[in-house]
Amino acid sequence: MKKNITHVDHIAIATKDLQKSLEFFEQALGLKCDHIEELPERGLRVAMLPIGEARIELMEPTREDSEISAFLDKRGPGIHHIALASPDASATFDALKERGVAMTSDSVQFGAGGSKVAFVHPKSSGGVLLELVEQVES
Ligand code: ZN
């Protein structure tokens, strides 16, 4: 049987000021930003900073009704979600559903770069939004 989860893929941090957050991670911690991506359909600008096999993902809203605006209004800047790599996101999704775990969608969806993603609802995971991500080899 395949393992459900193999490693931490990324930790996503919501920020109101991407430039300022980048300055901290690059200048104070010496990490390097890999790329910055605009995601207009989600109202986000995202910066990726690799750390070993994992990445820090900084997310800044580009409009008032962005995917993270409600989160920022309610909780302020901080950790938005933790993404766990799964070699088979659909199988992991089904296994979690079978155990009665609440998911935020009815099925696995397509994420950045053709990856497959699904989210575990915080009410099932102790208040932490968990992303399952299956990276597609390019
Ligand atoms: Zn993510």
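All ligand and atom numbering here is 1-based and tracks the order in the structure. In this chain, residues are counted from 1 in sequence order.
Side chain of His10 to backbone of Ala12: no donor-acceptor contact under 3.5 angstrom is found. In this structure, the side chain of Ser69 engages the main chain of Glu64 through a donor-acceptor pair within 3.5 Å.
Look at His80 and the Zn ion (ligand 1): no N/O/S atom of the residue is under 2.8 Å from the metal.
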One pair to check against side chain to side chain donor-acceptor pair (under 3.5 Å): His80 and Glu57. What are the steps and the verdict?
CA-CA 10 Å; His80 181 263; Glu57 177 182 355; over 6 Å; no

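The NE2 atom of His81 and the NE2 atom of His10 meet at the Zn ion (ligand 1) at an angle of about 110°, given to 10°.
What you find for Met103 and Leu132 is that their closest heavy atoms are CE-CD1, 4.1 Å.
Glu131 has its closest N, O or S atom to the Zn ion (ligand 1) at the position named OE1.
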